[in-house]
Q: 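So that we are looking at the same thing, I have put the structure below in structure tokens.
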Number of protein chains: 4
Amino acid sequence: MDVIEYTPTRNDYAYTFGGVAPVMRVKPGTALRLWSDDAFGGALRSVDDLSSAKVDLRFVNPQTGPFFVEGAEPGDTLVLHLVALEPARDWGASAAIPFFGGMTGTDRTVTLQEALPDTTWIYELDRDRRTVGFVARHSDHRIELPLEPMLGTVGVAPAGGEVRSSLVPERFGGNMDTPQMRAGSTVYLGVNVEGAMFSVGDGHYRQGEGEACGTAVEGAMTTTLIVDLIKGQAPGWPRIEDDTHVMAIGSSRPMEDSWRIANSELVHWVSALHGLHTMDAYQLLSQITQAPIANVVDANYSVVVKAAKALLPDGAAFDGIHADLRARAHHLGAV
Amino acid sequence: MDVIEYTPTRNDYAYTFGGVAPVMRVKPGTALRLWSDDAFGGALRSVDDLSSAKVDLRFVNPQTGPFFVEGAEPGDTLVLHLVALEPARDWGASAAIPFFGGMTGTDRTVTLQEALPDTTWIYELDRDRRTVGFVARHSDHRIELPLEPMLGTVGVAPAGGEVRSSLVPERFGGNMDTPQMRAGSTVYLGVNVEGAMFSVGDGHYRQGEGEACGTAVEGAMTTTLIVDLIKGQAPGWPRIEDDTHVMAIGSSRPMEDSWRIANSELVHWVSALHGLHTMDAYQLLSQITQAPIANVVDANYSVVVKAAKALLPDGAAFDGIHADLRARAHHLGAV
Amino acid sequence: MDVIEYTPTRNDYAYTFGGVAPVMRVKPGTALRLWSDDAFGGALRSVDDLSSAKVDLRFVNPQTGPFFVEGAEPGDTLVLHLVALEPARDWGASAAIPFFGGMTGTDRTVTLQEALPDTTWIYELDRDRRTVGFVARHSDHRIELPLEPMLGTVGVAPAGGEVRSSLVPERFGGNMDTPQMRAGSTVYLGVNVEGAMFSVGDGHYRQGEGEACGTAVEGAMTTTLIVDLIKGQAPGWPRIEDDTHVMAIGSSRPMEDSWRIANSELVHWVSALHGLHTMDAYQLLSQITQAPIANVVDANYSVVVKAAKALLPDGAAFDGIHADLRARAHHLGAV
Amino acid sequence: MDVIEYTPTRNDYAYTFGGVAPVMRVKPGTALRLWSDDAFGGALRSVDDLSSAKVDLRFVNPQTGPFFVEGAEPGDTLVLHLVALEPARDWGASAAIPFFGGMTGTDRTVTLQEALPDTTWIYELDRDRRTVGFVARHSDHRIELPLEPMLGTVGVAPAGGEVRSSLVPERFGGNMDTPQMRAGSTVYLGVNVEGAMFSVGDGHYRQGEGEACGTAVEGAMTTTLIVDLIKGQAPGWPRIEDDTHVMAIGSSRPMEDSWRIANSELVHWVSALHGLHTMDAYQLLSQITQAPIANVVDANYSVVVKAAKALLPDGAAFDGIHADLRARAHHLGAV
């Protein structure tokens, strides 16, 4: 299988889902290797680079794409299999951006209090040990953390002619900021416009669930993925499948609504896939799901609801396309 | 170490945290083996037992206790180490109670729609295989699920003279419904009244995160635990420690506030324990926490925020009492 | 009609709903004239009295009561008609209590930011002009505001043996903090325990909707009210009737749930009272209700939903008891 | 003053804010008389027209516009003074759309329950009596309700290149669904793109606060308004001024965040306009604001926070442009 490489220049980035002309047309079955810049567009390179001076929140999460998928029509299911995610720089950055994050008043949860101190942390990458290094700003603590690369944003153009900022997670995917978006995962997204118009970005060298301070270890990323397409069967909300789990992701406010969305999506998925009555799927999933929070800091909060395939009846989602993509990925050198 | 056994009779149960006379006085260091009935008081024994007929939501989660801990005063830290949890019956029950649960209108999220069908499921226990059996009500599906015993409710008397239903999770613990409340865990609760007045109940043979339908695989439980006491140092909200993680649990509404509470509690705990500046603790935890939802169905929603000790600086919480309790538990036969 | 006067001494106050012995037994039909202290127990008497030094949030809203209403049983409807509310001091106090209020992080909506500055304002009462005087703390502005006395807290003992702080608004009434609780209003509360055990307190010389900073113009109050009782017919949530409107009050979190509760209560009330199908009541009320926020600062947020009687079909609530109470109040000198 | 009349044809409508070419360029100072269709595009004309059959929620609230305002640049303040709103048809329609509205599960607050019955109500207009007639669907009740025309949607193009559905209320205005948007009101909106690109639609012959069932008495409307422009001074969120009050409108989720936004906007407005310290403005507004809910049914919930000018220090907003516009409106025949 050939791999098409694509590295955008600064002017090639998109800052929205929808509303942007495609950078390339790709056929279903294509493998892509994509370079994406970090959430800050590379603006934070030392602890002296402050987000208040160097980052414009209207232009973060630069998107590599969008890609026009040939044959994709509204109601279809875009399939993206993440083959490999490799850091494209030797350092990542994180920041406590004033009035942004989970433990501060924001432009929504408005308070009259002063902002937390604008602070930047730089994490050095150790490629041999596969770690990133936390260095405290106010003491001598240093801690090596496992490298766990993921993508914060994977999305398609929204429905109804909407155009949304690359800060937004929603029904169309987008800035879901979940650690589940990693190598080995297959993402299913409902197609809303001709060509689907997907893009990726916001690489994280690692991220805690919740992304509490508002930013992960943000880093430029080289993403290898396989694009595929299923006619029809569009899920209502983003779904992910890996070797062990099926998952759905809800993004809304308040956070219980994000959970409700994800849980409902999974109930209906499991019900349809395994021939369970809705009430039986509701009951079974009540006893087996995991529900990790993805983020509590974006324009919408995201929650993942996931179930182990081993605890579900037999039956492969989307006719087993995940296993098929895993096999294809091996030919590309995936582990 | 001796173990004091206690099995309540039907009239011995409490249905509130606070407001009830103690069933026993115990000294710090005591090991207890406690029998607790299931959330329904054993009322659902077949799929024909419907919650609308047999369950009064004002009297669920019967509590075994409260226990008066000698020497415990407001501001102290009650320590409960769960040594072993063993199912006390050969079956568990779950139910979709009308207008109760995460995927239905409730008495808070009121809608004008009809209730979901009142439905009961019975799970048979296989002690050899350590499984409970899901049996679909509307088809022939049967699935064996791993037995993973936990306690839904562990709490003390509230502050300020309040008395709360055993359905409520709050600052005093209570009905947190998290799978983290399992054998091997040490729970830290702030003491609000003389004697702490703790109780346990609401055993679950297993539960998914979120407890989506409102009930777990509810089952009578035999709980072995060690009671201990730390003078002062009361945490603001419940904390749990096991061999690998430190955790805090927030319970409020909306769910983002539950997360904020838990995350803040963990930031301050880690900051104080490891000598990290608050902003550094905020940053470090942002990259390493897990944030599993506990329940989205109780009077308050509960969220756990947890961090792996391996990714934190050296330093044992509460002077290493968890390790000490683990050692003591081994003498009681814990694994 | 005789009026029973009652002025508590400092040790007579209650700080909870439920859990307290009655101060007096009263028969339905009794008129009471009650003195209540302000929310701070009179602790803030000058702008130099700071809440952080003088107020313990566990002991605010001192309640005058509880009163045992003879004949009141669970399922009955307690009726309190507010005849007159008169300021019992010549000044009121308001404060921005650290980490308390609507525009600051709180113990629920926890942030890591610094508190707003602890500030106290004193309002002088002009009894002739019926005004209270706002005096800016940081400039020379002074503004006369109309005196509009109301009670922040009116409640009964909760159900299920619960005891709740006088800071809490809930199904049992309590700290609803709505300007609708004023002279001329009739309050209907479901009785949960024998004797109902109602209490009042937290007088406000005036308050904006939302009670944004967390406190109103807090003032000691002399409240004249008539107690009555309807057997059965307990409303699900507090209801208020005045000469022009019927109202329901929901108190929960998030605030949309408070609204849902109040709106549902009013839909069912109007449906039953006027013989409208639920869907027709839902439709009609959708076009005529007002929905003023009561508070966004208490343990639960409160929302009032109200409808003008003039826009509803004929039919007097509770057999016209409000009109009857108005007539009885006139004999007491009410306007 | 001349008035430019504009009546769109079916193909002229916009269904988004942003992303649409202007239908006309207008100079500041221009008066417009605009015809707008109802929220359903006129599809519901009898009680037998059901929304599930005739309404596509992706294409509701057809917008008349957008209008390009000459000279308007990002950071400016668009001023729209509503001179007159007159029903353009003799009937209005309302509907309980399945899974849409405040008292039902929705696509956000997802439940597994059945939908409420899809129901349509038609209101006949009596122009002489200035009423609309409610006719119950399930009984013989008929009630005349006062005609109180308002616009559900008034908005400009969003910032950051976003395009939003005409169902959405946000920082750019949009589908705020507040009864305050009526004749005599002046609306202030921050300009985000060159020309501002404002549009109006979603006329309501009347609406209760909350718009509980999801729809008002929806009706085609003839709106007369004056367009004006203030250079700079863009408010953060929509503001309204009428003869007696200044107001701000927040639209987000959960509803407490909508209130926080509106309250903060008003605190900062009053603080800047009247020279009050932020803490003094916070205190003063806490005692005088009204906080009517606008809607609990849209993509975001909207809350209005308003203050009577009579209770504020002297000082006219935006140099008294509202009074000036009222005078200009009189020349157009406004009352």
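In the text below, chain A, chain B and the rest are named by the order of the sequence lines, each starting its count at 1.
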Q: Non-hydrogen atoms of chain A under 4.5 Å away: do they reach the side chain of B/A136, the backbone, both or neither?
A: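 Both backbone and side chain.
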Q: Using non-hydrogen atoms only, which part of B/T109 is less than 4.5 Å away from chain A: side chain, backbone, both, or neither?
A: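 B/T109 touches chain A through side-chain heavy atoms alone.
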Q: What residue in A/H204, A/H274, A/E148 has the most heavy-atom pairs under 4.5 Å with chain B?
A: A/H274
Q: Strictly distance-based, threshold 3.5 Å: is any side-chain N or O of A/K306 a donor or acceptor partner for the main-chain N or O of A/I249?
A: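 Pair absent, no side-chain N/O of A/K306 close to backbone of A/I249.
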Q: What part of A/V303 gets closer than 4.5 Å to chain B, counting heavy atoms only: side chain, backbone, both or neither?
A: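 Answer is side chain: those atoms of A/V303 sit under 4.5 Å from chain B.
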Q: If the threshold is 4.0 Å, N to carboxylate O, is there a salt bridge linking B/E265 and B/R239?
A: yes
Q: For B/G133 versus B/E144, what's the shortest heavy-atom pair and its separation?
A: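 Closest pair (atom of B/G133, atom of B/E144, distance): CA-OE2, 3.8 Å.
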Q: Is it true that A/E241 and A/K309 make a salt bridge, defined as a side-chain N closer than 4.0 Å to a carboxylate O?
A: yes
Q: Go through the atoms of A/S264 and report whether side chain, backbone, both or neither lie under 4.5 Å from a heavy atom of chain B.
A: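 Both parts, heavy atoms under 4.5 Å.
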Q: Quick test of your reading of the model: are B/E256 and A/R253 salt-bridged, counting only N-O distances below 4.0 Å?
A: no
Q: Could you tell me which portion of A/T278 (side chain, backbone, both or neither) has an atom closer than 4.5 angstrom to a non-hydrogen atom of chain B?
A: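 No part of it gets close to chain B.
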Q: When A/N295 is tested against each of A/S251, A/S258, A/S302 for side chain to side chain donor-acceptor pair (under 3.5 Å), which residue passes?
A: A/S302
Q: Hey, is B/D49 close enough to B/K54 for a salt bridge, meaning N to O under 4.0 Å?
A: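 Looking at B/K54 together with B/D49, the answer is yes, because their closest N to O distance falls below 4.0 Å.
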Q: Okay, side chain of A/E209, backbone of B/Q290: is any donor-acceptor separation there less than 3.5 Å?
A: no
Q: Counting heavy-atom pairs under 4.5 Å with chain B, which one of A/Q207, A/H141, A/R142 comes out on top?
A: A/H141
Q: Measure distances from A/P117 to the heavy atoms of chain B and classify the residue's part below 4.5 Å as side chain, backbone, both or neither.
A: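 Both backbone and side chain of A/P117 come within 4.5 Å of chain B.
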Q: Under 4.5 Å from any heavy atom of chain B, what part of A/I288 do you find: side chain, backbone, both or neither?
A: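 Its backbone and side chain both get close to chain B.
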Q: Chain B: which of A/Y205, A/Y301, A/W121 shares the most heavy-atom pairs with it under 4.5 Å?
A: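 Going by pairs under 4.5 Å, I would pick A/W121.
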Q: Can you tell which of B/A291, B/A95, B/A308 has the highest number of heavy-atom pairs within less than 4.5 Å of chain A?
A: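 Going by pairs under 4.5 Å, I would pick B/A291.
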Q: Can you name the closest pair of heavy atoms from A/L312 and A/A307 and give their distance?
A: CD1-CB, 4.3 Å
Q: Checking heavy atoms, do the side chain of A/A216, its backbone, both or neither come under 4.5 Å from chain B?
A: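 Contact with chain B: backbone and side chain both.
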Q: What residue in A/L284, A/V217, A/N263 has the most heavy-atom pairs under 4.5 Å with chain B?
A: A/L284
Q: Go through B/V132, B/L116, B/L276 and name the one with the most non-hydrogen pairs under 4.5 angstrom from chain A.
A: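 Going by pairs under 4.5 Å, I would pick B/L276.
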Q: Shorter than 4.5 Å, heavy atoms on both sides: which option in B/G102, B/P292, B/A294, B/S139 has the most such pairs with chain A?
A: B/G102
Q: Please round to the nearest 0.5 Å and tell me the distance separating atom OG of B/S52 and atom CD1 of B/I97.
A: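 Those atoms lie 9.5 Å apart.
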Q: Which atoms of A/Y123 are under 4.5 Å from chain B, going by heavy atoms: the side chain, the backbone, both sets, or neither?
A: side chain
